[in-house]
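Before any comments, here is the structure.
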Amino acid sequence: MMDPVLSKPLFLNAKTNLGSNTTGGVNAIALRNPMHLPMEILAISFQLEMPGLFAIEENVVPVGNILGGIISAKMDLGQYPLTNGYVPVWNMGRSIQAYDEAPNWGVSVTDLSSPTGVSFPTTQTYLWKLARPLFVPADSVVTPTFQHKGLFTDSISVNIGYWARSLPMGYEPKHISLPYAAAFQTKNFDLTQIINDGIPQQQVSTETDLVNSFDEPLTLQRFTGRALMYNNANPKLSDETGQPLSAWANAGLSVRMVDSHGRPIIPQFTNFRTAFAGMTRSWEMDAKQVMDPRSYYIATVNVDDLRSPAVDTDAFTLQASIGLVGWREIK
Amino acid sequence: MKKTAPLLLSGQVSINAGQTVNAPSVGLMSPFREPIWIDAITWTMWNDNAAANSFWDWGGTIRTRLTLGRTEITRNRDNGFVPIWNLSPQVNDVTASMQFDKDSADGRFPSTMYKWKLPRPLYVPAGMSLQSTFMRTADGGPDDTQVIVGYAGRYVDPALPTLHEIDVPFATYAEAAANVGVFLSNENDFVNPFLVPLHTQRFILRMQHQQDTTTPPFLTEAYGLTSLPAFKVQDTFGHNMIRDFVDGSARVIFDFTRRAWSFDNVLNPKERYNVQVQPYQGAGGGSAVSVFTDTVMLSLIGWRKEQF
């Protein structure tokens, strides 16, 4: 057992500003243990911020954006990938305080032509508490790269933080638990068309989305299910949590899932918020479930017009994302 | 025990006020008639027949009875029906468990969601299913409330021999008017009715707040009230667990962020907890009693071992 005196808490963070439809990294040196010692990362946080002036209507209406589905992250520890390509940052952890993920609420104003208006940033934080601490050798870095999907023209600043602890020089674990996250993102479903046609739409994931491409089994920490919705008439408005548009994620969105052996994981189409418990946006596994080596899950997402959004004349778009989070052991 | 693949089963019902409905068992049975483990149960409820400016939390008015064959998971004086929100602590904040439907400016009925992480995973033998039955009180609300129940679990390791002794979750429940009279639990409430020890995990306190001046009534959870009832609790032998009535102590006894008092205790066969509830006067900080009907809803959660 490690001497607790030699295990010192450590917090590392770095920030970048991403223009719309760009990818970018951060200053990796800032994410390296400054004491040139090995360390263990316990949790990873992402703070996303989009400053700007938003036009708002009289009376309190929701404005601002949910950003967790707009920004994706790809992380590597040297030659070891920690994600399956770019994974939306809100698909890695469970929701701890969903209310804080809501867009910033507007305030009442009477004169929208006022040049001063009201300016407030949209800020959200997402946390991925690793199921097992991640050992990082001395002078190594878990390198993140971020992608702005370009759904909004505004740039978004991303602040990534590692909660960690420093380890004594020369410490070498017998085996390492490597966290891993993969995600399947659907296309953008046109909800207005689904309402008008009355015909549900579906999309099926591929073998390279929710995949364990390693030779080791993947112990599952959780599945996550998120639904990004936005108003095409007002691209600055997006939603996922507790706001008028979220009804779609409650009843209009459903999923079924099988594994690569054909074994049902979710045998019949199940309401999204039932499959991924609404309060945490996740199906927690408690490390009792495992994904076989070299296997994948096929998810079929169905969007129906069971519930119509509030404003039928505007064009609404929905994009669902399902995340798979776990870890594998390597020697 | 070898880890296996995950599995999620679900079933949906439509229920009106005053009705009792069984969840369809087809979708709630393991594929291929294999045994499974159930780790958690989730419920999602909503109603599309919204009326303007109404606000509902379905967790108190819709109740569930869970049975595994002849083995009872829920049991109480009310034929085993326990309000869904009394089965688990509150997770995340209130607005997270209620997603507002349609246009929130109209105050439409919200969707409500609950999840019960079972105290011990429940082993469901091959060919059986955990049966869910739902009962909705005569709440005066609209018809066709949708309830989806989901069983989140996993397949059983094929090498595991059939279990003959399993851990079975348990929930029991009693309710009292919050502002009228003193409630005393009896020998059928909060009791271990089995011949084996009952491991008790927590009490869960919910308070349903009903405003009768609107049609339909305004039915929600009274978590923000300034006045709350007080509690005294003793064990079978008269030992005090909570000695005195302290006005407003409900928020302190039952961690109000979770609505739960968690502890780890064992009730031997036929032992029980005796609960007394002292009412408060009025609701919402002293409004007229007659416009509000508040109900104290208390449940006890635990688990025991059963021979199968």
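None of these values were measured; they are calculated from a predicted model. In what follows, chains are A, B, ... by sequence order, proteins preceding strands, each numbered from 1. Computed over heavy atoms, backbone and side chain alike; hydrogens, waters and symmetry mates excluded.
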Going by ring pair (Phe, Tyr, Trp, His ring centres under 6.0 Å), name the residues that satisfy it together with Phe254(B), two or more places apart in sequence or in a different chain. Phe231(B)

Okay, Asp286(A) and chain B: the region with an atom under 4.5 Å from a heavy atom over there is side chain

Is there a donor-acceptor pair under 3.5 Å between the side chain of Asn86(B) and the backbone N or O of Met297(B)? yes

Below 4.5 Å, heavy-atom pairs only: which of His261(A), Met285(A), Met257(A), Arg263(A) has the largest tally toward chain B? Arg263(A)

Side chain, backbone, both or neither: which part of Ile266(A) has an atom under 4.5 Å from a heavy atom of chain B? both

At a 4.5 Å cut-off on heavy atoms, which part of Pro31(B) comes close to chain A: side chain, backbone, both, or neither? side chain

Picking from Leu8(B), Thr42(B), Leu7(B), Thr4(B), which has the most non-hydrogen pairs under 4.5 angstrom with chain A? Leu8(B)

In terms of heavy-atom pairs under 4.5 Å, which option from Asp259(A), Asp292(A), Ile265(A) contacts chain B the most? Ile265(A)

Chain B contacts, top residue of Pro217(A), Ala277(A), Pro267(A), Pro264(A) (heavy-atom pairs, under 4.5 Å): Pro264(A)

Carboxylate-amine/guanidinium proximity below 4.0 Å for Lys117(B) and Asp39(B): no

When you measure from the side chain of Ser129(B) to the backbone N and O of Ser25(B), does any donor-acceptor pair fall under 3.5 Å? no

Side chain, backbone, both or neither: which part of Met291(A) has a non-hydrogen atom closer than 4.5 Å to chain B? neither

Can you tell me how far CH2 of Trp116(B) sits from CD1 of Ile204(B), rounded to the nearest 0.5 angstrom? 8.5 Å

CD1-CZ distance between Ile301(B) and Arg202(B), expressed to the nearest 0.5 angstrom: 7.5 Å

